[in-house]
Amino acid sequence: MIATYVQASFLNGQLTQLDGSEQAWMSDMGFKIFNALIWGVIILLSFALKQLLKGNWKTVVTFVSVLLMAMQGSGLMVTILEAEKPTTTNYYIPADSAYKLAEEDNIVVFVVDTYSMKLLDAAMSDDPTTLNPFKDFTLYRNCSQVYQATVPALLSLVTGQHVDMTQGNRSDMFEAAWTNDYTASFYQTLKDMNYSMNIFTKPNFICDNYTGQYVMRFFDNVRCSNVAPTINAKSALKNYLLLSASRNMPYIAKDILPLDLVNIDQTYTISLSDASNTIKTYREWYFSAEDIASIHIEKGVKKRLSIYHGYGAHLPNHLDANGIYDKNVDTTDGQVGRGNLKLIADFIQRMQELDVYEESTIIVTADHGHTQREDRTTLFMFKAPNTTQNEILYSDAPIRNNDTLATIAGVLGMDAAIYGKPAYEYQAGEERARTVFFNAKSDEFPANGTLPNAMREYQLMDHASEYKKYGEHFVQIFPINDYFYD
């Protein structure tokens, strides 16, 4: 017992922190031998003391054992009394909030991931009536993406600003995105106008567990749960008994135990009280064809901004023309293009049934185009409130998908000098330099494995479909961090 106490209290200084990393017990053989010699000396001294004390040996052993147990026990009690209940912070979005509209004024933004104009062309080639449900809209055929990866593209769209990808870490990037003056002022103004606001996406696209608090300031349906982990008691007891035994053993014997340090902390799970009510898989949007009938008016809510981000047109194609996703069924670009718009059209039809469509503002856009389809244009359709048309209108005005907030601000009469020019005020043929960013690899900056390590910035001066001309207006190249691609 004395040897194990000395080992645990004084001789484990060579241990690296047990943080899940692999331990190389035998990497310093000289120290291991020295450690073993100390154990040998303690054991030999014990035998010597036994011979020297003779009749008093049992009393001394009992006293020392009780003393050591009392010291260890008191330390354990202090630890238990001072320990806080373990929790983990989780930000999540309940599914039922996706089906609620306001009584009077709805602003609805649909963000279809990776939906380019080429995809719309494929949909129209399959079925020329695809856009019939959108007769009250204007379709902008010259809308450019800003980024080509989902996290910065979506973040830019919902904050109205460029994303600072040079931040030191992911949390800093999200914090800067949500706390800049433009974004904070926009959403606070809507709150002051008594708008309820909901957003539907994977939370880790717009925040992390350190920055979800900033999103919660504005969006009512983002939830935070400080949840106590559910402990697998049997597994935990086994692992920590082995760990305790290991810490009390000499270094030379530590690697004989079946101790899995890499997974030793994986003895618990996190369970939210309403886990069955969280958002559907990102690939299925946040409503499906059968969910449309669940959309209803939330009594007492007069105004609402709702932003829906769905999986859209990411390859491989598994969404059919009816908006049904099945990972075991391959579909065509035309079917995927039609299926996404079918879901949105069904949503709009439900708004008409609830008599809230006419006065609503609706934007249908995409976070970015599609590199593999060689198309960086993005879908952008806009319906102003109280607009009735016989057929859809078309515009080649030079807009960007992150003109979304400026467009909403324009509809609500907010100051264009602060929030920017709304999409509907741009005219075809108007000169406008649009900033776009493309992933890049550069020997100028540290490598990032197989991922891009830089971003190229361009000024788009031509039609958004002429992406091959972007290189004519190169601005700069700068390094980015690997967290940006998570």
Side-chain angles (χ1 to χ4, degrees), residues 99 101 106-143 284-295 306-313 317-325 331-366 369-370 373 375 377-397 399 401 404 407 411 423-424 428 464-465:
Y99 312 125
L101 295 170
N106 287 280
I107 303 172
V108 183
V109 179
F110 298 99
V111 184
V112 192
D113 210 299
T114 323
Y115 203 112
S116 67
M117 290 303 294
K118 280 190 176 180
L119 198 71
L120 178 59
D121 291 343
M124 293 294 289
S125 177
D126 269 14
D127 181 1
T129 68
T130 297
L131 290 177
N132 285 4
F134 302 93
K135 67 180 183 64
D136 297 327
F137 287 71
T138 297
L139 170 63
Y140 290 82
R141 297 177 293 198
N142 185 13
C143 179
E284 296 182 10
W285 278 87
Y286 297 121
F287 51 86
S288 58
E290 62 267 24
D291 293 328
I292 298 297
S294 301
I295 299 171
S306 301
I307 300 175
Y308 295 92
H309 172 226
Y311 187 78
N317 292 337
H318 295 305
L319 189 76
D320 71 15
N322 293 313
I324 298 173
Y325 180 87
T331 57
T332 65
D333 281 359
Q335 289 173 307
V336 170
R338 292 163 57 199
N340 278 284
L341 293 184
K342 173 69 162 56
L343 287 172
I344 297 172
D346 288 347
F347 192 108
I348 289 173
Q349 182 179 346
R350 180 59 179 161
M351 293 178 72
Q352 293 169 336
E353 293 170 358
L354 295 170
D355 200 26
V356 294
Y357 167 77
E358 185 174 341
E359 60 269 34
S360 295
T361 300
I362 305 175
I363 295 174
V364 182
T365 187
H370 203 297
R373 295 185 177 98
D375 189 6
T377 59
T378 61
L379 177 69
F380 196 100
M381 295 192 290
F382 168 68
K383 185 197 86 72
N386 303 306
T387 297
T388 302
Q389 303 169 173
N390 292 323
E391 60 183 7
I392 190 169
L393 301 180
Y394 296 91
S395 172
D396 285 306
I399 68 169
N401 61 348
T404 297
T407 302
V411 170
Y424 56 81
S465 62

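FYI, the numbering just counts along the sequence from 1.
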Checklist line | Derivation of the side-chain contact (heavy atoms from CB on, under 4.5 Å) call for F134 and L341 | finding: CA-CA 9 Å; F134 302 93; L341 293 184; 4.2 Å; yes
Margin query: Show, in sequence, the C-alpha distance, side-chain angles and deciding distance for L131 and M124, and conclude whether the side-chain contact (heavy atoms from CB on, under 4.5 Å) test is met.
Written below: CA-CA 8 Å; L131 290 177; M124 293 294 289; 3.8 Å; yes
Next item on the list: Apply side-chain contact (heavy atoms from CB on, under 4.5 Å) to D136 and I362, showing your working.
Entry: CA-CA 10 Å; D136 297 327; I362 305 175; over 6 Å; no
Checklist line | Evaluation steps, side-chain contact (heavy atoms from CB on, under 4.5 Å), between T404 and F380 | finding: CA-CA 9 Å; T404 297; F380 196 100; 3.7 Å; yes
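The shortest non-hydrogen separation linking L119 to V336 is CD2-CG1, 4.3 Å. Of all heavy-atom pairs spanning F137 and I392, the tightest one is O-CG1, 3.3 Å.
For the atom pair NZ of K383 and OG1 of T138, the computed distance is 11.0 Å after rounding to the nearest 0.5 Å. Atom CG in L379 sits 9.5 Å away from atom CG in N340 (nearest 0.5 Å).
Under the 4.5 Å side-chain criterion, counting only non-hydrogen atoms from C-beta, T365 is not in contact with F382.
By the 6.0 Å contact criterion, CG on N386 is enclosed, its count of non-hydrogen atoms from other residues, nucleotides or ligands being greater than 12. The local environment of CD in E391 is sparse, with at most 12 non-hydrogen atoms from other residues, nucleotides or ligands closer than 6.0 Å.
Checking side-chain atoms of N106 against main-chain N and O of V108 turns up no donor-acceptor pair under 3.5 Å. Within the 3.5 Å criterion, the main-chain N or O of M117 finds a donor-acceptor partner in the side chain of T377. A donor-acceptor pair is defined here as one N or O able to donate and one able to accept, closer than 3.5 Å; such a pair exists between the side chain of Y115 and the backbone of G337.
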